[in-house]
Number of protein chains: 2
Amino acid sequence: MSEVVFFTPGPSKLYSGVREDLETCLRDGVLSQSHRGSAFKEGCARTKEKLRELFCVPEDYTVLFVGSGTEAMEVLVRNLSSRSTFHVCMGAFSRRFQEIAKATGRHTHEVSVEPGRGVPLDRVEVPDAELLCVTHNETSTGVELDLGGLASFRAKRPGALIAVDIVSSACTRVFPWSLAEAWFFSVQKACGLPAGLGVMILGPRALERAKFNASEESHVGYFRSLVRMDQKAQTHQTVETPNVLGIHLLGRVFERMIDGGGMAEITRSTREKMASLCRWAEAHPQLSLFVEDPKERSQTVLVLNLPKGSHGGDVRAILEGAGLVVGAGYGASSSSQIRIANFPAHTIAEHDRLRGELDRVLATN
Amino acid sequence: MSEVVFFTPGPSKLYSGVREDLETCLRDGVLSQSHRGSAFKEGCARTKEKLRELFCVPEDYTVLFVGSGTEAMEVLVRNLSSRSTFHVCMGAFSRRFQEIAKATGRHTHEVSVEPGRGVPLDRVEVPDAELLCVTHNETSTGVELDLGGLASFRAKRPGALIAVDIVSSACTRVFPWSLAEAWFFSVQKACGLPAGLGVMILGPRALERAKFNASEESHVGYFRSLVRMDQKAQTHQTVETPNVLGIHLLGRVFERMIDGGGMAEITRSTREKMASLCRWAEAHPQLSLFVEDPKERSQTVLVLNLPKGSHGGDVRAILEGAGLVVGAGYGASSSSQIRIANFPAHTIAEHDRLRGELDRVLATN
């Protein structure tokens, strides 16, 4: 049997070379490395440098590590707001951002659409809130937000800060970093790494606001105070003992991606692969695309409606028997939909294999 | 040259078999495993089961995962207190527990001793506070707290909860779990695993208090609310995407430890190895033990005073050249002391090799 391929929307297929990198880490003692020693600090600095190069991060933006995308949401809410947040809700993960803000005592505002639709950012009415929270790629529904509207969205509340969830779209394109103060992602999606590490990219206004809030008895806490995290990051350390291996592997993946042609090449191939998947799904006699508007479709997560009468769990089990692991539909759609990831690790040949197998499954079901 | 051996007090030497376990994880797709799928849930359940077996955790105590020991401190302070905490301070890490409580807005009380000394718990005056925070093994100074006094310490404030930091002593002995409501550790110390995972062991009163506090507008947050974490843990999941690999490897290490004779054997060999190290250091013409009272000496972290005139950085560099990595003294003692770990991964032969090399370094310096 061929090797099992994971098309799950994260954790997902490992990026090519991760196995070799792990072996090098074992050989070089990275898994035993002190997080206060020079070897770690050099590795951490290298990872941030490669990230800056690959992602084209502006000089005055700072890179900080957390444990997950979910953690990043809570850290940003606690540090960058003291009373109120606004949320553009398109599905379960943008909703989670709001739930987190509520759970930390913020008064939250929202605009929401039905699942499978996007939000035209330039037409949103933005209330008076300290932090505006936006999800670029809603992993639960496969909707991508058009960031073309971000500048005018921003202009409506110039005093507010903007945080953008790029959990499942980071590492597939360059973002307009300067149009928001905080961007965050996790590494088990498009970076093709094992889970357990999140990354935040923060602009100077975010750190200023964090400093201001810290002086205001905001009780932001200790180890995820952005002020303290930023201080430690100056010497390429973290407050806590971090996921040393994850930080190291991330730098290696970025190096491989840069060697492979950089972000321009990743963006090009990501779009090409997704366009091909969408053409196939549109022409399919039994499948349909959950996101109807082609302009709102994610480049990394394809959500397919299964034909009536077929059960998602059964379809996934048959595919898994053939060595192809796809994601369930999210939440209430777990039986009626499947989700297919299109990350840099995934090849056209693998998507072709999946398409062929899915055709067979549906034809005989 | 022989393989490099890490005697650093965590991250440290990997436990035997971790390399093979990593290879099995790669082969079985653990690094791509969905944290919502049955394979992860089974693996997570197995890790908790093995931990319970090896550690002899009472049935009504709950096991929850976080990212680090530092994170556990903050999670416990936020969930288990709303106004006040008390700290038994013996060094940098017990002090950190207090700093965290302050940073979350708690009014903190403390009792403290000079570095290198322990605190007789039964003789401590315990103020009226909601959470009493104790460090069993102070990694910065190599002091072990005598838990024999825990019962009478506890009896002084029966309404309070007790949290015990066992970050660097867990996995070397069985603790009197029922004498405290919260115990926590991280895996890069005595478990011999890569950093990036912490574990909390919580009694029923901790979860009751967390529930009570949650109903009180405590703004404990979302993803580290003990109530939400416990709900997710019922089905062997976590709120966020966790360190899937770390959780899996932890279960495997525990299996290996159980197969190797269980905790009784680990405790026996840990004590034997440390006794031998202490005898050598006591008889050494140039070295001395930082912790003078033998009853207060840690079983896992040996702190040695270097002879006047020798510089810790130089000593460590020469040892490292010989493939032996020891820890620096903590903070202000970084030049005058070294720290040597005695975790289950470390063998008598390795300690002997280190002793011989250290003798040579000091003789020629």
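The shown structure was predicted, so the numbers you read here are calculated from the model rather than taken from an experiment. In what follows, chains are A, B, ... by sequence order, proteins preceding strands, each numbered from 1.
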Practice problem: Please determine, among B/Val30, B/Leu22, B/Thr8, the option with the most heavy-atom pairs under 4.5 Å with chain A. | Solution: B/Leu22

Practice problem: Side chain from CB out, backbone as N, CA, C, O: work out which of these in A/Arg78 comes under 4.5 Å of a heavy atom of chain B, or both, or neither. | Solution: side chain

Practice problem: Under 4.5 Å heavy-atom distance to chain B, tell me which part of A/Leu26 shows up: side chain, backbone, both or neither. | Solution: both

Practice problem: Taking heavy atoms only and a threshold strictly under 4.5 Å, list by residue number the residues of residues 12-21 of chain B that touch chain A; give 'none' if the list is empty. | Solution: B/Ser12, B/Lys13, B/Leu14, B/Arg19

Quiz item: So B/Arg224 and A/Arg224, side-chain contact (heavy atoms from CB on, under 4.5 Å) or not? Walk me through it.
Solution: CA-CA 12 Å; B/Arg224 289 302 184 236; A/Arg224 289 302 184 234; over 6 Å; no

Exercise. Pick one of side chain, backbone, both or neither for A/Val220, based on which atoms fall under 4.5 Å of a heavy atom in chain B.
Key: backbone

Quiz item: Does A/Glu74 use its side chain to pair, donor to acceptor, with the backbone of B/Gly221 at less than 3.5 Å?
Solution: no

Quiz prompt | Qualifying residues under salt bridge (charged side-chain N to carboxylate O under 4.0 Å, His left out), relative to A/Glu42, sequence neighbours excluded | solution = none

Quiz item: Which pairs, with at least one residue in residues 24-35 of chain A and sequence neighbours excluded, count as a side-chain hydrogen bond (donor to acceptor under 3.5 Å, both in side chains)?
Solution: A/His35-A/Thr241

Quiz item: chain B heavy atoms under 4.5 Å from A/Gln188: which part of the residue, side chain, backbone, both or neither?
Solution: side chain

Practice problem: Locate the shortest heavy-atom distance separating A/Phe6 from B/Gly29; write the atom from each residue and the value. | Solution: CZ-O, 3.8 Å

Quiz item: Looking only at heavy atoms, which of residues 92-101 of chain A get nearer than 4.5 Å to chain B?
Solution: A/Arg96, A/Glu99, A/Ile100

Practice problem: Would you give the length of the straight line joining atom CG of A/Asn243 to atom CG of B/Leu245, rounded to the nearest 0.5 angstrom? | Solution: 8.5 Å

Self-check item: Inter-residue atom distance A/Arg106.CZ - B/His219.NE2, 0.5 Å rounding
Solution: 8.0 Å

Self-check item: Heavy-atom closest contact (A/Pro242 atom, B/Ala195 atom, distance)
Solution: O-CB, 3.3 Å

